[in-house]
Amino acid sequence: MEASIETGRRAVQGRGGMIASSQPLATAAGLRILEAGGHAVDAAVATAAALNVCEPCSTGIGGDAFALVFDASTGAVSALNGSGRAPAGLDLDRVARDGFGGGLPLRHAHTVTVPGACAAWCDAVERWGRLTMAQVLAPAIDLAEGGFAVAPWAAWGWGRGEAILRDGGAESLLIDGRAPQVGERFRNPALARTLRAVAVGGAAAFYEGDIAGAIVEVLRARGGVMSLEDLRAHRSTWEAPISTVFGGLRVWECAPNGQGLAALLALNLLRGMDPGAAGSVERLHRSVEAMRIAFADARRHLADPAWADVPVDPLLSEDYAARRRSLLDPRRANPDVTFGRPLATSDTVQFCAVDAQGNACSFINSNYMGFGSGIEPRGGGFTLQNRGCGFSLEPGHPNALAPGKRPYHTIIPGLLTREVDGALYGPFGVMGGWMQPQGHLQVVLALALDGADPQQALNAPRFCLPAGSAASPLALEPGHAQHVDAMRARGH
């Protein structure tokens, strides 16, 4: 593959199952579950819990989760939406009365939606698992109780969030008020207690009783309105995934309120034109412009479908793609593109697991901004997310804040099957807020068009529209340095 960067990494092969995550200790936790006879979903949840211990700066039981599951026995793909909802007592009027009509502070209690990750873990294992929750959570509990050596990436994220943790009273995640250093042993007995409670009592142990009481107590003390009933009422949802076909592969994403729709919209635009050769300025320009158009549509139309009519089928139709494709100038950037109107007829960990039977799970779990709100429920050992930042405060907007509503979500798992026979090609995903649909687009292009293996697809230099909008400036990795002048000449 021409555009690949030499990273020293090569594709890894295996026969008895595989885990891919950002942390070797979390990968080892997932492998331990596979070796015990667990399903790919069991292994994915074990990996998620271990990442909560080892990379709390990115993920945890206080956040949300989404998953795509491929069933090897039927070839069916299922989507799990484990995102939480706004408290029943929070609306635009309450936000305005509290002086936040111009925008919520990033770490305020009002940004904390109900954490959906715990229910997602339990629901996934209940539906697909071969092991008990106690078995699945055992590796993470061992890490939290026994301690682990903090990895460089985690230490960097921990240090960046040190002040946030102090402000949020998250003493369980600090050592004498400071972030742990690279290689330092870190133990989190408070999180171990939380995980043990879930291992024994399931989701009810989190959404009812002492843990729920601690969540409500800390948020109310900081001006929030979450109630015990908000937590008790939370439910994950199993939903039909959405997809499109590109280069012989069917690309699967979770339906809104996640932003996987943006990746599919961009792929549909490029499917109807020559996307350019790998590593060329033509490929780079056309991919960026496809994402600008896709973000313009996603930022307008994407919302909780229980509250708004999200026209997924019309948006993904070929007629709509053809109309929007006309806005993609192969010679010039168009940062002023606006959303279209289809005719009626959204800091994270991503990881994948495949078991020996060929079942696969693409799983993503996130606190949102680093440690999220930075707020720790008393004795919990974890911080609460700040996903409420994903709401619009514009009255009448499809994604406007409302009680019991899910916000626009940036985290999206991905999964690929072969269109010719429906066989599994592989689970995949990337991390990083608005980068996620852009990363999905670039990975799929490399796999489907360029003959890249998964590691080569990840090694390739990336582009990013950091603001996740049509008007965003463009960021390029060093591997695209030779194209900077040409992209500027095109108006980027």
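Hydrogens, waters and symmetry mates are skipped; everything else that's a heavy atom, side chains included, is used. What you are looking at is a predicted structure, and each value in this text was computed from that prediction instead of being measured.
Considering Asn257, Thr237, Asp64 in turn, Thr237 is the only one that fulfils the side-chain hydrogen bond (donor to acceptor under 3.5 Å, both in side chains) rule with Arg406. The side chain to side chain contact (heavy atoms under 4.5 Å, CB included) test with Leu465 is passed by exactly one of His492, Gln438, Met435: Gln438. Each of Ser83, Ser366, Ser373 was evaluated against Arg387; a single residue qualifies, Ser366, per the side-chain hydrogen bond (donor to acceptor under 3.5 Å, both in side chains) test.
Side-chain atoms of Asp42 never come within 3.5 Å of backbone atoms of Val125 as a donor-acceptor pair (strictly under, hydrogens ignored). Remark: side-chain polar atoms of Asp230 are paired, donor with acceptor, to backbone N or O of Ala88 under 3.5 angstrom. In this structure, the side chain of Lys405 engages the main chain of Ala400 through a donor-acceptor pair within 3.5 Å. With hydrogens and angles disregarded, a donor-acceptor distance shorter than 3.5 Å links the side chain of Ser472 to the backbone of Ala467. In this structure, Ser392 contributes its side chain and His397 its backbone to no donor-acceptor pair below 3.5 Å. Proximity of a side-chain donor or acceptor of Gln456 to a complementary backbone N or O of Asp453 within less than 3.5 Å is detected. Remark: side-chain polar atoms of Asn367 are paired, donor with acceptor, to backbone N or O of Thr59 under 3.5 angstrom. Remark: the backbone N or O of Pro115 is paired with a side-chain donor or acceptor of Tyr207 at under 3.5 angstrom.
Side-chain atoms of Cys254 and Leu68, non-hydrogen and from C-beta on, do get closer than 4.5 Å to each other. Here the side chains of His480 and Met487 are not in contact, with every heavy-atom distance at 4.5 Å or above. By the 4.5 Å heavy-atom criterion applied to side chains, Leu384 and Leu219 are counted as neighbours. For the pair Gln455 and Arg10, the minimum side-chain heavy-atom distance is 4.5 Å or more. Proximity of His440 to Phe428: side-chain heavy atoms (C-beta onward) are separated by under 4.5 Å at one or more points. The shortest side-chain heavy-atom distance between Ile164 and Met369 does not fall under the 4.5 Å cut-off. Side chains of Ile33 and Ile19 form no contact here, defined as non-hydrogen atoms less than 4.5 Å apart. No side-chain heavy atom of Val182 sits less than 4.5 Å from a side-chain heavy atom of Val150.
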Determine, stepwise, if the pair Trp434 / Tyr408 fulfils ring-ring contact (aromatic ring centres under 6.0 Å, His included). CA-CA 11 Å; Trp434 304 115; Tyr408 183 122; 5.4 Å; yes
Step by step, would you call Glu35 with Arg32 a salt bridge (charged side-chain N to carboxylate O under 4.0 Å, His left out)? CA-CA 5 Å; Glu35 290 167 350; Arg32 175 173 155 185; over 6 Å; no
Would Trp121 and Asn52 satisfy side chain to side chain contact (heavy atoms under 4.5 Å, CB included), going step by step from the backbone distance to the final call? CA-CA 12 Å; Trp121 296 358; Asn52 187 171; 4.2 Å; yes
Should Arg462 and Glu477 be marked as a salt bridge (charged side-chain N to carboxylate O under 4.0 Å, His left out) after you check the CA-CA gap, both sets of side-chain angles, and the distance that decides it? CA-CA 6 Å; Arg462 292 165 288 190; Glu477 289 190 325; 2.7 Å; yes
Under the criterion side chain to side chain contact (heavy atoms under 4.5 Å, CB included), I'd like the reasoning laid out for Leu267 against Leu441: C-alpha separation, chi angles, the key distance, then a yes or no. CA-CA 7 Å; Leu267 286 167; Leu441 171 68; 3.5 Å; yes
Quick one: do Arg193 and Asp210 satisfy salt bridge (charged side-chain N to carboxylate O under 4.0 Å, His left out)? Show the steps, please. CA-CA 11 Å; Arg193 288 192 297 271; Asp210 291 344; over 6 Å; no
Checking side chain to side chain contact (heavy atoms under 4.5 Å, CB included) for the pair Glu376/Val218: CA distance, chi angles, key distance, verdict? CA-CA 8 Å; Glu376 178 190 6; Val218 72; over 6 Å; no
Show your working on side chain to side chain contact (heavy atoms under 4.5 Å, CB included) between Leu261 and Glu253 and close with a plain yes or no. CA-CA 7 Å; Leu261 177 63; Glu253 301 278 357; over 6 Å; no
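Of the inter-residue distances, the one linking Ile375 atom CD1 with Thr111 atom OG1 reads 6.5 Å to the nearest 0.5 angstrom. We find the CD-CZ distance between Glu171 and Arg166 to be 9.0 Å, quoted to the nearest 0.5 Å. The CG atom of Asp355 sits 11.0 Å away from the CZ atom of Phe70 when rounded to the nearest 0.5 Å. Note that the CD atom of Gln259 and the CG atom of Leu265 stand 11.0 Å from one another [nearest 0.5 Å]. The structure places CD of Glu126 at 13.0 Å from OG1 of Thr132, a figure rounded to the nearest 0.5 Å. The CD1 atom of Ile211 lies 10.5 Å from the CG atom of Leu231; values are rounded to the nearest 0.5 Å.
Atom CZ of Arg299 has more than 12 heavy atoms from other residues, nucleotides or ligands within 6.0 Å. Annotation for Arg127: atom CZ counts as buried by contact number, over 12 foreign heavy atoms lying within 6.0 Å. Atom CZ of Arg378 is surrounded by 12 or fewer heavy atoms from other residues, nucleotides or ligands within 6.0 Å.
Residues Ile242 and Pro256 share a closest heavy-atom pair of CD1-CD, 4.3 Å. Minimum heavy-atom separation, Trp158 to Val53: CH2-O, 4.4 Å. Closest approach of Ala140 to Ala50, counting heavy atoms only: CB-N, 3.6 Å. Contact between Gly379 and Ala190 at its shortest, heavy atoms only, is O-CB, 3.5 Å. Nearest heavy-atom pair across Pro413 and Phe66 is CD-CB, 3.6 Å. Across all their heavy atoms, Cys122 and Met133 have their closest contact at SG-CE, 3.9 Å.
Phe100 and His110 have perpendicular rings, their planes meeting at more than 60° on a 0 to 90° scale where under 30° would count as parallel. Under the 30°/60° scheme for interplanar angles, the aromatic rings of Phe186 and Phe148 are found to stand perpendicular.
Judged by distance alone, the side chains of Ser21 and Gln23 never bring a donor and an acceptor atom under 3.5 Å apart. When only modelled atom types and interatomic distance are considered, Trp238 and Asp123 share no side-chain donor-acceptor pair under 3.5 Å.
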